[in-house]
Amino acid sequence: MAPTNFGVPESRRQARTLFLLGGYTNKSVLAHNPRGGEGDGLYSVMFDPDLGKIQPMQAMKVETNPAFIMKHPTLDLIYLTTEVINDSGSEVLTGALDRRSGQVSIIDRKQVNGKSTCHLEWDSDKSHIIAVSYWDSRLTTFPVKQDGSLGDASEVYKDPGAEYVDRNKPNREEHLRFRQRWSHLHQVNRDPFSDKIFMIPDLGNDQIRYFNINGGRVLHLGRDQLTRGGGPRHMDFNVKHRVVYVCGELNNTVTVLKYNPEKLSKVMEGGFEGDVHSGQSLLTQLQVVSTVPADIECKSTIAEMRLHPSGRFLYVGNRGHDSIAIFRVNDEDGSLSLVDMQSSLGAFPRHFNFDRTGQYIFVANHASDSLVSFRIMETGKLEATDRCSLPSIVWVTPVEPEE
């Protein structure tokens, strides 16, 4: 069966993709204790959609535990976070990227003043990047110069809910027993509907937190309360339907939320306290769907969730059940219906992303040290085309190669 192009222009259908892959190098300093190996930290592979094949390119020794990877929008530079919970904590690294060979050379390192840094985003005026640190709930902003290099941290926002970390110095074992004992900011997202605020899931308090982040300054505006016990990890946005998807890491669900623009002005005033069940907040709960079978017997947690560029399907990675849950998006209201739960063909699908054509999805099974490419069929279901072995990959970033 031929792959679908989901409306992707014909001229892009056979575009190759350079994937940059971040992985763990020293698991002793992580917030968790995953299975899988330890490796060099940073890798690149080339993917050819004509053949459905993965070609290994480069392996680069980068310490410690490089995870999230974001490319500069115009320059051949990438920014990486490191996941470290001890000593001085995490860093943001800047790397020079050769898009022909896939080689990355680290040219700078900046202290985040936070621990287990897991995500980056540009601030509202794109003069700074924002780093979010999971372990101690910090938001750190860095000025970006014209040449793409970073200055030292402009501001470090310390969430009041994470004072527990400074006061009690919890270790990894306590964290794994009590995942919601303190706040855990997990991802920073610019609101695509207004472009005025940032939304950040707080796994520890089951909340969506709202911030104004501009010119490197961080102002907390308030929060919306979600269902307790879900552990919100990541968000994605259906711009067509003004719908927000939130994956609950701990209860294996996706919550579908309607965005209510008429409430934005109240959030912007600051001090906002809302609840998604009230019908009176910026976000209103429409639906909750499970990403694993009702009779599941193993422990499983969600790691990643991504809306296909076509907007037709939502994909969710289940660690433990070791599957990719596939949902069809209702074209009327953005709600979800289950298509299938398919094996990720490895253990603990930690991260995945789409190739540049939108015809394939690239899954990193970090506990089995494997990378698998799947063709996306017209139904949204997946068909494996290739795999390769790389140690403990936890992030997958697609980049346009220089041909």
Side-chain angles (χ1 to χ4, degrees), residues 29-32 67-68 81-86 89-90 92 112-121 123 130-141 153 155-191 197-213 217-235 244 246-251 253 255 257 267 270-277 281-283 285 301-305:
V29 296
L30 293 171
H32 55 123
F68 181 86
T81 66
T82 65
E83 289 189 21
V84 177
I85 66 169
N86 66 352
S90 293
V92 172
V112 175
N113 300 301
K115 297 182 177 181
S116 195
T117 303
C118 55
H119 197 248
L120 298 172
E121 180 58 283
D123 73 349
I130 311 158
V132 57
S133 297
Y134 166 85
W135 183 260
D136 48 4
S137 280
R138 305 289 201 255
L139 294 175
T140 308
T141 59
E155 181 168 341
V156 181
Y157 168 86
K158 299 180 180 181
D159 188 72
E163 291 175 350
Y164 181 89
V165 177
D166 297 330
R167 184 172 62 250
N168 294 284
K169 304 293 189 295
N171 59 21
R172 179 164 70 182
E173 287 67 32
E174 179 181 349
H175 163 255
L176 292 175
R177 287 184 60 200
F178 305 101
R179 292 294 308 279
Q180 296 188 297
R181 178 162 276 179
W182 66 90
S183 65
H184 292 292
L185 305 183
H186 212 302
Q187 182 194 43
V188 54
N189 305 279
R190 186 186 299 108
D191 171 8
I197 64 171
F198 288 81
M199 301 183 182
I200 299 179
D202 179 352
L203 184 147
N205 290 308
D206 298 308
Q207 294 170 348
I208 302 300
R209 308 282 290 280
Y210 301 126
F211 289 83
N212 183 346
I213 308 175
R217 307 300 297 174
V218 180
L219 176 64
H220 184 229
L221 298 173
R223 71 203 79 210
D224 255 330
Q225 185 66 50
L226 301 168
T227 300
R228 298 286 184 177
R233 177 182 175 94
H234 288 167
M235 308 172 70
V244 179
V246 179
C247 63
E249 175 178 340
L250 304 182
N251 69 354
T253 63
T255 299
L257 301 158
V267 174
F272 183 81
E273 298 288 338
D275 191 302
V276 300
H277 308 93
S281 200
L282 183 63
L283 300 175
Q285 180 173 304
T301 58
I302 290 176
E304 178 61 318
M305 171 187 67

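The analysis underlying the following values was restricted to heavy atoms, covering all of them including side chains, and did not include hydrogens, waters or symmetry mates.
Under the 3.5 Å distance criterion, the side-chain polar atoms of Asp202 are left unmatched by any main-chain donor or acceptor of Ile208. Side chain of Asn171 to backbone of Glu173: a donor-acceptor contact under 3.5 angstrom is found. Looking at Thr81, its side chain never comes within 3.5 Å of a backbone N or O of His119 through a donor-acceptor pair.
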| message | For a side chain to side chain contact (heavy atoms under 4.5 Å, CB included) check, start with the C-alpha distance between Arg209 and Asp159, then their side-chain angles and the critical distance, and finish with the verdict. | response | CA-CA 11 Å; Arg209 308 282 290 280; Asp159 188 72; 2.2 Å; yes
| request: Report the C-alpha distance between Arg217 and Asn212 in whole Å, list the side-chain angles of each, state the deciding distance to 0.1 Å, and finish with yes or no for side chain to side chain contact (heavy atoms under 4.5 Å, CB included). | output: CA-CA 8 Å; Arg217 307 300 297 174; Asn212 183 346; over 6 Å; no
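With rounding to the nearest 0.5 angstrom, the CG atom of Leu203 is 10.0 Å from the OG atom of Ser183. Atom CD1 of residue Ile85 and atom CG of residue Asp136 lie 10.0 Å apart, to the nearest 0.5 angstrom. Annotation: the span from Ile213 atom CD1 to Tyr157 atom OH amounts to 10.0 Å, rounded to 0.5 Å. Taking CG of Leu257 as the reference point, atom CE of Met235 lies at 7.0 Å (rounded to 0.5 Å). Taking CG of Asn113 as the reference point, atom NZ of Lys158 lies at 7.5 Å (rounded to 0.5 Å). Summarising the geometry, atom CD1 belonging to Ile197 is positioned 12.0 Å from atom CZ belonging to Arg190; distances are rounded to the nearest 0.5 Å.
Below 30°, between 30° and 60°, or above 60°: for Tyr164 and Trp182 the angle between ring planes is below 30°, a parallel geometry. In this pair, His234 and His186 present their aromatic rings perpendicular. The plane angle is above 60°, beyond the 30 to 60° band.
In this structure, the side chains of Glu121 and Asn189 stay at 4.5 Å or more apart for every pair of heavy atoms. Side-chain atoms of His277 and Thr227, non-hydrogen and from C-beta on, do get closer than 4.5 Å to each other.
Across Val84 and Ser90, no two heavy atoms sit closer than the pair N-OG, 3.3 Å. Minimum heavy-atom separation, Cys118 to Phe68: O-CB, 3.5 Å. In this structure, Ser133 and Lys115 approach most closely via the heavy-atom pair CB-O, 3.4 Å. Residue Gly222 comes nearest to His220 through the heavy atom pair O-NE2, 3.2 Å, listed as atom of the first residue, atom of the second, then distance. Between Gly274 and Ser281, the shortest heavy-atom contact is CA-OG, 3.5 Å.
Residues that satisfy the side chain to side chain contact (heavy atoms under 4.5 Å, CB included) test with Asp206, not counting sequence neighbours, are Gln180, Gln225, Arg228, Pro232. Residues passing the side chain to side chain contact (heavy atoms under 4.5 Å, CB included) test with Thr253 are Asn251, Thr255, Val288, sequence neighbours excluded.
Paired with Tyr134 under the rule side chain to side chain donor-acceptor pair (under 3.5 Å), one option of His175, Arg233, Gln187 passes, and it is His175. Ile130 pairs in a side-chain contact (heavy atoms from CB on, under 4.5 Å) with only one of the listed residues (Val218, Val188, Thr140), which is Val188. The one candidate from Val276, Asp275, Val246 that meets the side-chain contact (heavy atoms from CB on, under 4.5 Å) condition with Gln285 is Val276. Shown are Asp191, Ile200, Leu283; of these, the side-chain contact (heavy atoms from CB on, under 4.5 Å) with Tyr210 is made only by Leu283.
Legend: salt bridge (Lys or Arg N to Asp or Glu O under 4.0 Å) pairs involving residues 177-188, not counting sequence neighbours, sorted by first then second residue: Glu174-Arg181, Arg179-Glu249.
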